[in-house]
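Counting begins at 1 with the first residue of the sequence. Note that the structure is predicted; figures quoted are calculated from it, not measured.
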Amino acid sequence: MSNNQALLDEAKNANPERAEEIYKQILVSSASTSERDQGLRDQENAMIKLAELYRDQKNAQGLAEVITLSRSFMSSTAKAKTAKLIRTLLNYFNDIPNSRQVQIDVLLDNIDWSNREKRIFLKHSLEIRLVSLQLEASQFKAALTRIDTLLTELKKLDDKMILTEVHLLESRVYRGIGNLAKAKAALTSARTAANSIYCPPHLQAALDLQSGILHAEDKDYTTAYSYFYETFENMSSQDDPNALNALKYMLLCKPEDVTALLSIKLAVKYAQLREIECMRAIALAHQHRNLAEFEKVLRDYKDELSSDPTIRSHLAALYDTLLEQNLLRIIEPYSVVEVDYVAKQVGQGRQDVEAKLSQMILDKVFYGVLDQGRGRLLVFDEPEVDDTYGAAIDTLEQVGKVVESLYAKTVKIA
């Protein structure tokens with residue numbers, strides 16, 4: 001048994017401080033030429049064990065130092081093994097709370113190192129991870145700059161798999177900044193690249209999820225629901241924890257069918273979770289068309305409902321629809337009504353109600369005028385459509401054609 005192996009066995013039963021000391025000792029040790037391969041294996045084991053130790057201690061800075069230390073070891077190993085090892089070490093950050101910025105700094109440092117060492121595929125893998133973190137941190141400008149560089153390099157390499165992932169990330173970034181046209185264009189590019197290769201189930205599920213989100217943003221909830229359902233089935237079959245998100249989006253697309261949807265076989269195991277309970281409460285408030293109940297649910301389940309931008313967007317649309325329906329129901333019997341009375345009936349502030357009524361008038365949801373001087377809303381009957389002007393324009397167009405035809409004939413005769 002080698003000395004390093006004996007130290008590794010000792011570290012298993014040692015306290016964390018002693019184990020940390022042993023692992024660092026192995027990492028800086030150098031093996032003789034005859035035992036070089038065994039020495040590298042021992043160093044790899046020590047590196048992973050030290051990273052696991054820092055992960056369990058929630059020490060993000062320590063884990064970052066391990067990744068930096070690993071470079072000397074990586075220079076002696078195959079490039080494929082290096083990529084796998086660095087991905088393993090980076091995955092340990094997922095279990096450390098509030099470590100996003102440390103992880104971004106580590107990735108930037110390692111991307112520079114990969115570039116210097118000409119490890120192009122490792123560099124691309126790290127850059128994709130960096131863009132994902134920048135997206136989570138809402139650093140959209142930095143993410144787009146990195147994506148543009150990545151796409152230029154990947155198109156030269158013609159790597160369709162990575163190209164699909166990058167276009168998908170691009171779509172998510174554009175959606176984050178509210179540019180839906182570019183988000184759809186990027187998603188189309190991702191699907192085009194995916195169609196020419198075998199697309200793994202997890203990547204296909206991510207494409208379907210993004211498609212559903214974009215259709216939901218366009219308020220095409222029927223199409224969005226079908227994409228979310230495909231995603232939910234796909235992720236559930238792989239026991240992917242993100243299946244819960246797809247189920248929540250499904251329920252928000254069809255709030256009137258929540259009970260029926262939760263009775264399907266794949267959804268039963270999620271039915272008692274708090275995240276699903278809040279979807280039930282939202283659906284119930286929507287069915288009752290009760291704004292006060294809806295607002296109470298938003299307060300009671302604030303943590304579950306405010307963390308996801310897609311759910312926030314859905315809820316804003318539902319709330320807007322509910323407020324509009326309530327306002328229409330209140331003003332329907334009147335030709336003149338005080339704004340204060342309407343605000344009191346819906347339980348909202350006067351300014352908010354005035355703003356919503358103005359928007360509804362501009363969108364021609366109903367016909368009326370806001371008399372802000374007197375604080376009143378004047379409601380008009382829907383005007384009858386008069387086709388006289390349209391018919392007159394059509395007649396003039398036909399007369400114009402006749403005149404042009406006659407002019408053409410006189411030119412020929414002359």
May I ask you to decide if [Y]'s main-chain N or O and [X]'s side chain share a donor-acceptor pair within less than 3.5 Å?
X	Y	value
Ser138	Gln134	no
Gln287	Pro255	yes
Thr188	Lys184	yes
Asp240	Asn242	yes
Asn326	Leu322	yes
Ser263	Ala260	yes
Ser306	Lys302	yes
Thr321	Ala317	yes
Asn234	Pro201	yes
Asp109	Asp105	no

How long is the straight-line distance from [atom2] of [Y] back to [atom1] of [X], given to the nearest 0.5 Å?
X	Y	atom1	atom2	result
Lys248	Cys253	NZ	SG	13.5 Å
Ser99	Ile104	OG	CD1	10.0 Å
Asn59	Ile96	CG	CD1	7.0 Å
Arg55	Leu89	CZ	CG	11.0 Å
Leu251	His314	CG	NE2	10.0 Å
Ser211	Leu214	OG	CG	6.5 Å

Intermediate values then yes/no, side-chain contact (heavy atoms from CB on, under 4.5 Å), Ile264 and Val268: CA-CA 6 Å; Ile264 61 177; Val268 169; over 6 Å; no
May I ask you to check whether over 12 heavy atoms, not counting those of [X], lie within 6.0 Å of atom [atom1]?
X	atom1	result
Arg172	CZ	no
Glu332	CD	no
Lys58	NZ	yes
Tyr367	OH	yes
Asn195	CG	yes
Arg374	CZ	no
Asp381	CG	no
Arg350	CZ	yes

Where [X] and [Y] come nearest, the two heavy atoms and their spacing:
X	Y	value
Leu126	Ser114	CD1-OG, 3.7 Å
Lys356	Glu324	NZ-OE1, 3.5 Å
Val173	Ala143	CG2-CB, 4.0 Å
Ala243	Phe232	O-CD1, 3.3 Å
Asn179	Lys182	OD1-N, 3.2 Å
Ala60	Phe93	O-CE2, 3.6 Å

Evaluation steps, side-chain contact (heavy atoms from CB on, under 4.5 Å), between Leu377 and Val369: CA-CA 6 Å; Leu377 172 69; Val369 172; over 6 Å; no
[X] versus [Y]: any side-chain heavy-atom pair under 4.5 Å?
X	Y	value
Val337	Arg376	no
Met161	Pro200	yes
Arg191	Asp208	yes
Leu203	Leu168	yes
Leu207	Thr164	yes
Arg87	Leu90	no
Leu315	Phe294	yes
Leu163	His167	yes

Step-by-step side chain to side chain donor-acceptor pair (under 3.5 Å) determination, Glu295 to Tyr319: CA-CA 9 Å; Glu295 288 175 340; Tyr319 184 83; 2.7 Å; yes
Pair Arg175-Thr310, side-chain donor/acceptor within less than 3.5 Å: yes
Side-chain donor-acceptor contact under 3.5 Å, Asn110 with Arg119: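 Arg119 and Asn110 do not have a side-chain donor-acceptor pair below 3.5 Å.
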Worked check of side-chain contact (heavy atoms from CB on, under 4.5 Å) between Leu261 and Tyr225: CA-CA 11 Å; Leu261 292 174; Tyr225 171 81; 3.0 Å; yes
Name all residues meeting the ring-ring contact (aromatic ring centres under 6.0 Å, His included) criterion together with [X]; count only those two or more places apart in sequence or in a different chain, and write none if there are none.
X	value
Phe228	Tyr249
Tyr54	none
His124	none

Verdict with supporting geometry, Asp220 and Thr223, side chain to side chain donor-acceptor pair (under 3.5 Å): CA-CA 6 Å; Asp220 181 2; Thr223 310; 2.8 Å; yes
Worked verdict on Glu277 versus Arg274 for salt bridge (Lys or Arg N to Asp or Glu O under 4.0 Å): CA-CA 5 Å; Glu277 284 295 330; Arg274 183 172 168 81; over 6 Å; no
Test: Asp300 and Lys296 ion pair at under 4.0 Å: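 Salt bridge flag = yes for Lys296 with Asp300.
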Criterion side-chain contact (heavy atoms from CB on, under 4.5 Å) on Lys123 and Glu153, from CA distance to verdict: CA-CA 11 Å; Lys123 173 177 169 283; Glu153 294 176 10; 3.0 Å; yes
